[in-house]
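Atoms within each ligand, like the ligands themselves, are counted from 1 in listed order.
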Amino acid sequence: MKALDRIAVEGGTPLEGTVRVHGAKNAALPILAATLLAEGVCVVEDVPDLQDIRVMVDILRALGASVDYSPPVVRVDARRISRTEVPEELMRQMRSSIFLMGPLLARYCHARVSRPGGCTIGSRPIDLHLKGLAALGASIDEVHGYIDCQTRRLHGAAIYLDTPSVGATENLMMAAVLAEGTTVIGNAAREPEIVDLANFLNRLGARVEGAGEDTLVISGVQGLIGGRYAIIPDRIVAGTLAIAVSMTGGDVTLENVRPNHLGAVLTKLREGGVEIETGRDIMRVRSDGKLRAVEQVRTAPYPGFPTDLQAPFMALLSVAPGMSIVAETVFEERFKHVSELCRMGANIRVDLRTAFVQGVPRLTGAVVQASDLRAGAALVLAGLVAEGTTVVEQAHHIDRGYQQFDEMLRGLGARVRRLSQS
Ligand code: UD1
């Protein structure tokens, strides 16, 4: 997992076998932040072994919590916290540390974080987080790149999010659980990770209603207890694997998945000619590798097509005969993979936030750069069907979201190697 890591892929092998999907990073991160709210010990199970999780564990420790981390289980005792300032060097390593603000403010009436920078997929503002916390009674000062929030005690409020931001919904939910009175969050995000966080908080004694719908009602309680909780399976990892099998052809059973979290993706895969059978927590994907273009893929907040699967799906469409259109509506700069796919022979034209993908008969191996996590996964997928060898540089980005991606694919018969340099 070093910055110089590269992944080499030899194309042309169908994927076969069974794979267990790990727990969801995007559910585990807010849930670990939320352990700061508890006056007892929390044991969180099925936490993936990923760099962002280790950063979150380091942050909890830096704040004074006692944390045992033996993947996939994290045990957090946050009864005694010694600091309410998130160290800048840790904050810089992970954008998601922004949602430590909600729990710190709720329980300790103070939080200081550094403003997260932009990233390669867009500017990623935090105005909705800050406006919401202010509505709950926090006073917020921004000085020299730091955000300092304090309150005598948070109180319930009616909040409306201009856009259904996942992070803002989570941050405000965590702040509101200990606020005095009732908070209503309108136009809330509805992602399964929101529901998981609400279930975790409710397990600890919170009163969050409406998770998974567009209005959340949170009745503040005096305190939360500890508890044990298992994270939901990672729908983006499951979706990436399903797309991979669809491209290479083959027959793969995914275990520990929630097909009902992947509605939009499975619909598009079926439209592309893939056979998918689903059970409650299992899914079988079969493909002969002969794909059809799909008319339109439009990313949107859940239950729409997830922006995190846009790049992997574009890798698939690049070899699906016909013209497909991909519209990215969530992040403004999420087409960095296009130029790299084109280096491999894809025929894609971008006009602002829409990509026109003309499927080509084959891709050719090349040396390509992973600009971010999902773009990196997309390039590995492209390599699986390309002629010859593809080398994906900056592969450490992929390790931020997929636990041992290369090993996972090798287990299904792919010819994938990690080339590490010390
Ligand atoms: C989360 C996910 C990320 C996913 C994204 C969208 C985590 C750790 N990350 O990111 O993988 O791609 O949801 O599904 O869960 N926005 C504002 N103001 C704000 C906050 C957001 O304008 O204060 C905008 C963003 O610029 C973006 C849109 O809202 O255009 C969605 O962002 P958001 O849902 O907040 O994404 P994250 O929570 O950062």
With Asn187, which of Pro301, Pro164, Ser165 fulfils side chain to side chain contact (heavy atoms under 4.5 Å, CB included)?
-> Pro164
Answer with side chain, backbone, both or neither: which part of Ser96 has a heavy atom less than 4.0 angstrom from an atom of ligand 1?
-> side chain
Where does Asp127 meet ligand 1, judged by heavy-atom distances below 4.0 Å: at the side chain, the backbone, both, or neither?
-> both
In ligand 1, which numbered atoms sit nearer than 4.0 Å to a non-hydrogen atom of His129?
-> 23 (O)
Interfacing atoms of ligand 1 (cut-off 4.0 Å, heavy-atom, Asp308) | 3 (C), 4 (C), 11 (O), 12 (O)
Counting heavy atoms only, which part of Thr307 comes closer than 4.0 Å to ligand 1: side chain, backbone, both or neither?
-> side chain
For Val330, atoms of ligand 1 separated by under 4.0 Å from a heavy atom = 27 (C), 30 (O), 31 (C)
Is a side-chain donor or acceptor of Glu45 paired with a backbone partner of Tyr229 at a separation under 3.5 angstrom?
-> no
For Leu128, the ligand 1 atoms with a heavy-atom partner under 4.0 Å come out as 17 (C), 18 (N), 19 (C), 23 (O)
Which of the atoms in ligand 1, numbered in the order shown and given with their element, are less than 4.0 Å from a heavy-atom of Asn26?
-> 2 (C), 3 (C), 7 (C), 8 (C), 9 (N), 11 (O), 15 (O)
Of Ile236, Val166, Thr299, the one whose closest heavy atom lies nearest atom 1 (C) of ligand 1 is Val166
Derivation of the side chain to side chain donor-acceptor pair (under 3.5 Å) call for Tyr69 and Arg61 = CA-CA 11 Å; Tyr69 178 35; Arg61 285 184 178 139; over 6 Å; no
Counting each atom of ligand 1 from 1 as listed, which ones have a heavy atom of Gly167 under 4.0 Å away?
-> 35 (O), 38 (O)
Sort out for me which residue in Glu88, Glu85, Gln150 forms a side chain to side chain contact (heavy atoms under 4.5 Å, CB included) with Arg112.
-> Glu85
Quick one: which ligand 1 atoms are inside 4.0 Å of a heavy atom on Ile126?
-> 19 (C), 23 (O)
With a 3.5 Å cut-off and no angle check, do the side chains of Tyr146 and Asp141 form a donor-acceptor pair?
-> no
Could you tell me whether Arg353 atom CZ has more than 12 heavy atoms of other residues or ligands within 6.0 Å of it?
-> yes
Those atoms of ligand 1 less than 4.0 Å from some heavy atom in Arg334 | 12 (O)
So, Glu191 and His261: side-chain donor and acceptor under 3.5 Å apart, yes or no?
-> no
Polar side chain donor-acceptor pair, Asp148 to His110, under 3.5 angstrom = yes
Asp308/Arg334 under salt bridge (charged side-chain N to carboxylate O under 4.0 Å, His left out): CA gap, chis, key distance, verdict | CA-CA 9 Å; Asp308 286 348; Arg334 213 169 194 184; 2.8 Å; yes
Checking heavy-atom distances from atom 20 (C) of ligand 1 to each of Gly401, Pro125, Pro306, the winner is Pro125
